[in-house]
Each structure stands twice: as structure tokens, then as C-alpha cells.
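Worth knowing before you read on, the calculation uses all heavy atoms, side chains too, and leaves out hydrogens, waters and symmetry mates. Position 1 is the first residue of the sequence; numbering continues from there.
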Amino acid sequence: MSPYLIPFSALNKQVSGSFPLILLQTEVTSRMTTSAKSMRYTLSALIFLGSVGLLAGCSVLKPGSSSDPTADQFLTTALPDTFSSVTVSEAESDSVETIFLPRDEVAAALPTGPDGYAALADLEELAGTALTLAGEGQYDQAEDHLFVLRDQVALPLPASADSTYIFHRGSLERRMVLLSGILAEQHAFGQEPGAADSLLAAGYARLQASGFPDSLVPATGANLSTITADLMKIDNKAVRRWEDYFTGRGRRSFQTWLDRKVVAEPVITTILAREGLPPELVYLSMIESGFSSRAVSSASAVGPWQFMSGTAKDYKLRRNWWVDERRDMEMSTEAAAQYIGDLYRQFGDWALVLAAYNTGGGRIARKIREHGHNNFWDLRLPTQTTAHIPKFIAAARIGEDPTRYGFVVNDLPPLAYDTLLVTDATDLALIARCAGVDVAAVKQLNPALLRGASPPNMKNYPVRVPSGTGVKAKRALARVPADKRLTWRRHKVKRGDTLGGIARSYGTSVGDIARLNKLKDVHTIRPGDQLLIPMPAELASKAQKRASEKGHYVPPNGYSRVSYKVKSGDTLGGVANKLGVSLTHLRKVNNIHKSSLIKPGQRLYAYRPGE
């Protein structure tokens, strides 16, 4: 419906006081065709008519046709000078330009058929009215019209709909969405500038609740993260494919990831915030490993953040026979945050940062030089890397609003623990007893400890215990003598070794070694294999007693075995000197008591501190 064009055809000069009587006449316009109206509506939306000058002179009514208000359909209204748009001189002239007056409220009425559907022509008229109202600045009424239109567009397609109908209704839906955004912008920036950001955010939040596309929502917020501006507004086929996968065939796995996210998120986001990084990076760990400490890739990347051994070393994650700190949630997150921060300082763009995390910063830098630009979406990269960023965006989009995608947010306890600083090798079972908890709970909190014990020769190594048990565990452990905490040996299998021979040399049993090293077949040890010959305190005492009864030598805690291959001319005393041990020690270890006879090629063993 068009704005009313009101000509001033005459002024009543017989006025009382200072208030002229302004005579207004409403121009009656002929009915326009739907296409003509659409053109007018489009022009209205594009140029947002709000100025009298745009239509100045479009309709002039010559005075004097009649002085009868009834005959000329005149409206007589007394207005004070401050509200009049014409001066006295204009009132005395022969003609007056048409001006706009505010229209009366236009009801958003829409005729529908028995089936509840409105005709396309009526929908077009309703959409055009909404455009015109928006152009006049009557945003509330425009929203009322869109509300009615939205209800119609949300209806299922009628059974009789053909391709033309479907295409036309799709066009109406797109125009409705775009005008909704325009109204949100107008509402926000038509107010106080300081309130624009919060009003804009609130307006688009309402639109999103009714299905407004995320990709059209502007980034708002005083502390807006750059990752949102760089990535979270991207919406392309690759992102949608990952969304379809996570909500389809990959739904079960994604639900598992969401459950793990609830547990791990407090630890991860705390570290990210400390490093000045956006919290959305929690989803990088999600797509890298599903927050699993046991995750190992085909390229041997390990842990929640999938560190390769070289990068782990660069960021001070220890990795040896005893520990692999890539598996520890806290330690690996701290290293990942430092690594990501370095990549962002290098590339300054989050798409490039995540690509570099996946394939290496050197490769990304080289590709940028080769292509002559740094637009990730136009770089030729490995398929895995090209898919990595859309996968991240889709995971983050779903993860930020999982219920919208049909996922369940389970109420799980977050990862929480106390840290116990332990010196030298200490069995986790002993620590669990000191804390008064099950050993499985302590092992679950310490996935980096590969041998079920804290590493030897490391002062103040952090061991996690369930939250609230740290003080108790510390006090109880302090009362346990160091030599009772763990008796352990590390043995490297040599050619000719058998498990039975190794067990005899350490004063233990084949079953003990097989169980502690999780050997399924005791006959499959190979040269170079590393065997743990530990014994937690009670097992060690049993082994020592058993060895003593059989006359076997049991080395002191911390001693390592050395060997020597007898050559022609060697004597037992000479070999003892070469190995740096006493003759008595050499005899006892090798069970040589009644003779000093040794043969070339024979291998003799001894134990020395260290190694």
C-alpha cells in the first residue's frame, strides 16, 4: 500500500487566533498491477524513501474547484504553526506542493483459502507492504507483516505446487530473510550509537531462533574474537558436508566427543585464556583426537592435541620409556597453546593457523610464497588439510549449540584433580593407597605414566590424584621409605636371552615379568626389547626372598646390568677389573663358586650403579 499523497488545495483564511485551518485532501489512486507494485516496493527498499523532495511535485491540486468540504472530500484540521509544513506566504499562493503525512497503521491482513494457504499474489503484496513500511521507517509494522509472511512461508508446499510456484515461494523466503536483517540493523543503529552493538546482537539472536542463516549474522561484541571473524561466519558446501556427517553417520562419535568436551573443557579453556587464545580452539582438540589421551594417528601423532615427537620436543613435552607427556591433558594443552600462539604470530589468520597445525608451518609458508597470496581457501594444499578447516567450523558450530542439532548435553563431572609432587620412581598403586582411592582412578588421571609408576631420577614430578585427596596422599606417602616405594629394573633384551634366564638373573619369576610387561607369549621377546623388571614393594620382597632361597643375586635398587664376552687369555679376576666390580660380586652374579674356569665366548654379567 502506498503512502498517502496529501495536496494542500486551499487554506481557510478566516482563522481565529494564530492557528490556520489546513484543508487536506487524500488522493485516490487507481489499483496497480502486482508487477508494478513489486517494482515500486523494490525501489522503496533500495532507496528507503523518507524525504519529501523525492516525490515533490508528483501531484498538485489546483484550488477553487469547490469550497464544499463534503464534495471535495476535504478533511478540516486545526494545527498549531509549529506542526504546519507550510508558511503563511505559501498558504496565500495559488498552489502548494504535496507533502507526506504519517500514514495510519496498516494492519497485516492476509486472505487465505480453506486450506490455510494464501495466493502468491497476496503474498507478494504483503511482502511489498513490508518493504514500503521499512522504507518509511515504520519498522514495527514492517515486522508485523513479516511475521504473517513467515507463517505462510513456513507451511509445507501444497500438493498442487509446480516448479514455478516453488521457485516463486523460494524468492519470497529469501526476500523475507534479507528484510529481517535490514530491520535488525535499522533497529540497532536508529538508537543511541553506544547501544547499537547489544541491540544488533539481540536482534539477530531473535532471527537465529527462527532459522536465520548463521552466515548472515554479523559479528558483534566488544571483545569479539578474531577466530569468529575469520572462520565462524564461513558457510560453504564443505562446511555443510561436515555438518551433515556429524549429524548423520558420525552422530554417535560426535555425541561421545561432546560428552568428553564437558569433562575436559574447563582445563583446556583455562589454559587457552591464560595464553590469550580464543576458547573456540577447544574444538581443535575435538577434531584432532576426540579429546582422547590414547589417540594415535597413522603418522604416530599422539594424545589429545596429536603432537608429533619433534614438535613435542620443541615444546618441552618429555617422551621416554617411562613417560609420554603428549598424553597428559594439562601438559599437552599448555604445549599446544604455546604452539598455536606462535603460529598465529607467524600467519595472523586463523584458517592458516589451523592449516599449519595440521600440515606444518613450513609447508603453509611455502605455499603462500608459491601462490603469491595468503587466502587459505584458494591455496592448493593436501586433501586432509583442505578438509581440516571446514571440519573445525562445523564441529564448533554444532558444539556451540548442540541441542539445535538434536544432540544431548549430558551433565558430567569436569576433569578435576589434586597434584602430588613425587621424587624418584613411585608405584601408582602405592599412591592410590595413600590417597584412599582405587588405583584405576589414579591411572586414569595419569595417562602419561606408561609404566604404572612415576619416572626415576626426576624431582617433584607431578602425579594427579582425585580432587580432595592430595593432602591425605602427601602425608601418607611421606611416611613410606623411598626404598619401599618401588624396586624396579629396566632390562634391554640381548641376543640369546630367554625370559627364564632374565627372571633367574633378577631373582623373580617368568610370570611376574610377563604380567608386568603384558606379554601374551613368553617366547616372543626379541633383541632390543625393553623389559620392565619392577617390583612394587610387596612383590619385591617376595622376589628377594625367593632369590635368596635359591642363591640368586638380587641387585640393589638403581643398579643396572653390564656384560662382558670372555676372550682367550681372560681370567675371572681380570674380567672383574674390566667391569669395575669385585671378584666376589662377579662370582655371585654368575653363580661361579667352586671354580675359576671360564671359556672364550662365555658371557659374564655384573651390576653397577647408574644407567
Side-chain angles (χ1 to χ4, degrees), residues 263-264 266-267 270-271 293-294 317-334 412-490 506-509 511-513 515-518 532-548 554-559 609:
V263 176
V267 172
T270 297
I271 294 171
S293 294
R294 298 189 301 272
L317 290 176
R318 286 170 287 201
R319 176 177 164 271
N320 55 41
W321 193 73
W322 288 92
V323 301
D324 189 347
E325 292 176 345
R326 296 177 295 177
R327 297 178 182 273
D328 184 90
M329 183 64 72
E330 181 178 335
M331 293 177 179
S332 64
T333 300
E334 288 175 344
L412 300 172
L415 182 62
Y417 45 76
D418 294 339
T419 301
L420 192 65
L421 299 180
V422 177
T423 298
D424 215 341
T426 303
D427 185 22
L428 292 184
L430 174 61
I431 293 175
R433 285 198 302 275
C434 291
V437 298
D438 189 79
V439 65
V442 176
K443 287 185 176 181
Q444 185 176 9
L445 290 172
N446 295 275
L449 299 179
L450 305 179
R451 308 300 167 186
S454 61
N457 306 319
M458 286 191 185
K459 188 175 182 180
N460 294 332
Y461 191 86
V463 176
R464 327 285 187 202
V465 293
S467 184
T469 66
V471 174
K472 177 182 177 181
K474 182 179 180 180
R475 290 173 179 170
L477 188 62
R479 294 193 292 267
V480 179
D483 61 347
K484 300 295 183 182
R485 295 183 181 184
L486 181 71
T487 301
W488 57 271
R489 299 291 179 271
R490 178 180 174 182
Y506 286 101
T508 185
S509 70
D512 291 338
I513 296 176
R515 185 179 67 257
L516 293 168
N517 291 274
K518 299 179 180 177
L532 182 62
I533 319 283
M535 274 135 342
E538 65 275 10
L539 184 56
S541 62
K542 293 178 183 177
Q544 288 174 349
K545 181 179 179 181
R546 192 163 55 242
S548 179
V554 179
N557 185 32
Y559 276 56

**OP:** Please list all pairs passing the salt bridge (charged side-chain N to carboxylate O under 4.0 Å, His left out) test where one or both residues lie in residues 468-481, with sequence neighbours left out.
**Re:** none

Subject >> Check: S454 side chain, T426 main-chain N or O, donor-acceptor pair, under 3.5 Å >> reply: yes

Original post:
Looking at residues at least two apart in the chain, or sitting in another chain, which of them share a salt bridge (Lys or Arg N to Asp or Glu O under 4.0 Å) with R318?
Top reply: E325

Original post:
With respect to V465, which candidate in V471, D418, L477, L428 satisfies the side-chain contact (heavy atoms from CB on, under 4.5 Å) definition?
Top reply: D418

**OP:** Mark yes or no for whether R451, through its side chain, and W322, through its backbone, hold a donor-acceptor pair below 3.5 Å.
**Re:** no

**OP:** Decide yes or no for N460 and T423: does some side-chain heavy atom of the first lie under 4.5 Å from some side-chain heavy atom of the second?
**Re:** yes

In a table with atom names and distances, give each donor-acceptor pair under 3.5 Å that connects a side chain of residues 435-446 to protein atoms at least two apart or in another chain.
unit_1 : atom_1 : unit_2 : atom_2 : d
D438   : OD2    : A440   : N      : 2.9
N446   : OD1    : R464   : N      : 2.8
N446   : ND2    : V442   : O      : 2.7
N446   : ND2    : R464   : O      : 2.8

Original post:
Do the side chains of Y417 and E330 get nearer than 4.5 Å, heavy atoms only?
Top reply: yes

Subject >> Check: V323 and L450 side chains under 4.5 Å, non-hydrogen atoms >> reply: no

Original post:
What's the shortest heavy-atom distance between P462 and M331, and which atoms?
Top reply: CG-CE, 3.5 Å

**OP:** Would you name the heavy atoms of P455 and M458 that are closest together and state the gap between them?
**Re:** CG-SD, 3.4 Å

Subject >> Atom pair OG (S332) and CG (D324), whose distance is rounded to the nearest 0.5 Å >> reply: 10.0 Å

